[in-house]
Amino acid sequence: MDLACLNAWAYDRLDAACTEPATHTVQADNGDRYVVCDGHALTARTQLTDGQILPGLPDA
């Protein structure tokens, strides 16, 4: 939770899919990777202990 974010939603967003455009690739140490939006990339940077958050999408 980002206390600087003043947005509020009247529904449970935790179980909803993110609707923002994917802008970054999260590359885990075990080789798994997934794409995330800017906001999820910022959160991943604070929570990821192994792996990388890379700008852009993976090559197809």
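Both backbone and side-chain heavy atoms feed into the values below; hydrogens, waters and symmetry mates do not.
Remark: Asn30 pairs with Asp32 by the side chain to side chain donor-acceptor pair (under 3.5 Å) rule, at least two apart or across chains.
Here the shortest heavy-atom pairing between Asp59 and Arg33 reads O-NH2, 3.8 Å.
Taking Ile, Leu, Val, Met, Phe, Trp and Tyr as members and joining any whose side-chain heavy atoms lie under 4.5 Å apart, directly or through other members, Leu54 forms no hydrophobic cluster with any other residue.
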Can you give me every donor-acceptor pair (side chain of residues 38-50, partner residue at least two apart or in another chain, under 3.5 Å) with its distance?
{"unit_1": "Asp38", "atom_1": "OD1", "unit_2": "Thr23", "atom_2": "OG1", "d": "2.6"}
{"unit_1": "Thr43", "atom_1": "OG1", "unit_2": "Gly39", "atom_2": "O", "d": "3.3"}
{"unit_1": "Thr46", "atom_1": "OG1", "unit_2": "Thr43", "atom_2": "O", "d": "2.7"}

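Val35 is listed as a side-chain neighbour of Pro58, based on a closest heavy-atom distance under 4.5 Å.
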